[in-house]
Amino acid sequence: MARKTATMEAGTGAPVERVPGLERLPAGPALFVGRRTELAALRAAAARPAEGRSPVLVLAGRPGSGRTALAVRFAVTVAGQYPDGVLFARLSAPDGGRVPPARAARRLLEQLGADTADVPLPGGAGDGRDDPACVALRAALAGRRVLLVLDDVRDAGQLWPLLADEPGCLVLATTAGPLTGIEDIDPVILGGLDRTAAAELLGDLVGGTRIGCDPVGAADLAEACGSQPAALRLMAGRLRGKPELAVTEAAKELLRAVAEAGKAEPDRAPANDPEGAKESAEPADPPAGKGKGKRGAVVTASEPAAAVAPPAEPPRDPAAWVRPGPEPAEPVPVPDNDPLVGAFTLAYAGLTAAQARMLRALTLAPAQSADPRTASALVGCPAPEAATTLAALAERELLAEEPPAADGTARYRVPGRLHPRLVRLREREDRPAEIELARARLLERLVRLTESARSLLDPSEGAGPDPLPGPLRLKSAAHAREWLLGERDPLLGAVADAIGQGDLDGSAGRLVTALLRSLPLTGAAAPADLHQLHELVLTVAERHGRPRRASAALLNLGDLQAAAGRWEQASGHYRAALEHARTADDEALCARALEGAAGCHRALGDAVRAADWYGRALGVRQSMGDQAAEARLLARVAEAHAAQRRFDEAEREYRASLSVLRRIGDERGREAVAVALAELRERVSTGW
């Protein structure tokens with residue numbers, strides 16, 4: 001079957017192929033038709049002059065309306081006008097979970113090439129506007145011309161912290177409903193495709209001859225699909241898989257499936273019932289985006305381009321924006337009487353048992369995104385077989401293609417519009433033991449891959465695990481680094497999900513350890529990621545009553561906060577670490593916690609408490625016989641005394657430190673302490 005892609009004029013500016021970041025956008029469907037009215041409305045909105053802040057374009061549409069595909073198409077056409085790059089972030093998980101704006105800001109900063117190691121860790125409550133990562137993102141966008149594509153925004157509270165006071169940037173947000181709370185937004189609302197575009201899409205996907213020979217059937221099928229792109233694609237996949245099925249009969253099947261799904265009770269029919277599986281009923285949602293923006297312009301598929309309201313002057317004062325409320329919106333569900341549900345029911349019924357099992361298992365994949373490496377672990381099959389099954393599911397329009405991995409490995413994602421129903425099918429058809437086994441296989445596969453990457457990046461650390469099979473193997477240090485960085489979010493999501501469920505702490509703990517050893521070797525380990533990993537270690541340690549491991553995790557968290565200059569938070573971690581260390585009766589951990597807390601008091605200018613905590617750490621180190629640490633702490637106590645103008649006590653401690661250093665033969669340390677002592681004496685002699 002020959003497939004073609006609708007062509008559109010490119011935007012003006014730099015050549016599109018030279019604009020950095022286009023490869024970050026979702027691959028999008030191979031075919032794109034229609035939407036000329038919506039594209040014209042987006043171009044008109046983007047062309048309006050902006051002052052004081054980044055203009056925002058909003059694409060609102062119910063699940064399956066093709067809003068992401070349209071956003072990608074539009075972004076490609078205008079990318080040339082934004083030579084500083086295209087940034088992309090998905091602000092909802094496939095299960096409807098809300099991505100915090102701080103996490104999105106950190107990923108956008110990394111796409112800009114900013115060093116997130118200098119971005120302080122998040123802390124405190126609020127709407128996220130003052131989060132360090134959000135502040136850093138807005139500062140990094142100043143003076144740049146960047147296009148930000150924010151997909152599947154749940155609520156205005158996610159968008160608000162990311163908006164920079166930079167009129168040269170453009171923000172394109174897709175959402176399932178209106179983003180109430182932010183002024184001066186004209187949502188472009190997506191309905192179904194027009195008749196011509198729907199027929200063209202079916203003809204391109206199924207074959208022009210088959211559709212052209214039955215124009216009435218094609219029109220009936222498009223009408224049964226509500227002209228929704230996602231439903232049309234699913235039915236086209238069914239027609240491709242069943243050459244004997246008439247187009248008219250496919251339309252009748254869909255109408256029956258929609259009617260049955262609309263009146264179905266939960267958990268009644270088997271999933272592969274050819275008449276259509278009964279799905280759980282969901283409350284119907286209001287049409288997306290019925291609210292209007294400040295100027296009130298709303299564009300739907302049925303409106304001509306000339307109906308777009310003439311633009312008004314944008315407000316010059318950024319304070320005209322209304323701060324959104326703190327309560328996030330609920331995800332917009334797909335109601336049972338939606339044609340998308342009926343089309344999915346028929347598509348799922350046509351799968352083989354292996355394909356259906358794979359599709360259900362992919363809801364367990366990190367971020368519902370998988371390549372043959374992870375898919376093969378989930379179902380327990382060889383990687384080549386998993387690759388074939390994934391490709392077959394994508395051909396049936398049941399998986400969305402993601403940009404390939406750095407090594408060219410194909411990647412796929414479970415569309416968010418299908419995820420909830422697949423979860424229900426998984427819970428109904430797969431035994432709990434099978435689900436737990438699949439999750440365990442996935443975690444162990446990720447552990448082996450991460451350890452393999454570590455051994456390639458740093459062979460001096462010792463041999464890695466037993467070599468993986470050829471199709472799964474990481475080939476070189478460069479390949480290992482690309483894999484770790486490309487899979488960082490799914491890896492973090494996998495371990496967080498496993499520890500959150502609490503039934504696979506052993507495998508999850510090994511994955512945390514592997515990531516803590518491997519990510520720093522990439523040279524791009526973000527402190528926020530390390531902070532998250534150490535918090536997960538703390539969760540598992542406290543859950544299983546392991547005070548020594550909990551103390552070590554708290555010490556690492558304190559070190560990360562101290563490196564970020566957040567001394568109060570660091571001090572709290574060190575004090576908590578001290579309590580766990582005392583429970584474990586571990587003197588070394590006690591000394592580390594005492595010294596860390598002392599350093600926080602020193603940084604905060606509290607010399608009295610610093611001297612006290614350094615003195616307590618000194619006593620522990622002396623009882624341990626650690627002379628190098630004893631000399632260092634004596635010098636720290638001397639500094640704290642000097643800050644209190646207790647010069648005699650300071651000199652005494654410096655001299656004691658020199659004595660210890662002389663005893664252990666540390667010449668470099670002796671020189672440093674001698675210089676500090678000489679400076680102290682000079683300042684005292686000059687009246688300091």
Quick check: are there more than 12 heavy atoms from other residues, nucleotides or ligands sitting under 6.0 Å from CZ of R646? yes
Taken to the nearest 0.5 Å, the spacing of S659 OG from Q627 CD works out to 9.5 Å
Check whether any side-chain N or O of Q158 sits under 3.5 Å from a backbone N or O of P101 as a donor-acceptor pair, and report yes or no. no
R546 atom CZ, over 12 foreign heavy atoms within 6.0 Å: no
Spell out, as yes or no, whether a donor-acceptor pair under 3.5 Å connects the side chain of T583 to the backbone of E579. yes
Q561 vs H531, side-chain hydrogen bond (donor to acceptor under 3.5 Å, both in side chains): CA-CA, chis, key distance, verdict: CA-CA 9 Å; Q561 295 285 6; H531 192 276; 3.3 Å; yes
With no hydrogens and no angle check, just 3.5 Å: does a side-chain donor-acceptor pair link S376 and R445? yes
Between R510 and S507: side-chain donor-acceptor atoms closer than 3.5 Å: yes
Report the relative orientation of the aromatic rings in H601 and W613; use parallel for angles under 30°, tilted for 30 to 60°, perpendicular for over 60°. tilted
Could you check whether atom CZ of R473 has more than 12 heavy atoms from other residues, nucleotides or ligands sitting under 6.0 Å from it? yes
Short side-chain to backbone donor-acceptor contact, S657 and E653, under 3.5 Å: no
Can you check whether T374's main-chain N or O pairs, donor with acceptor, with D371's side chain at less than 3.5 Å? yes
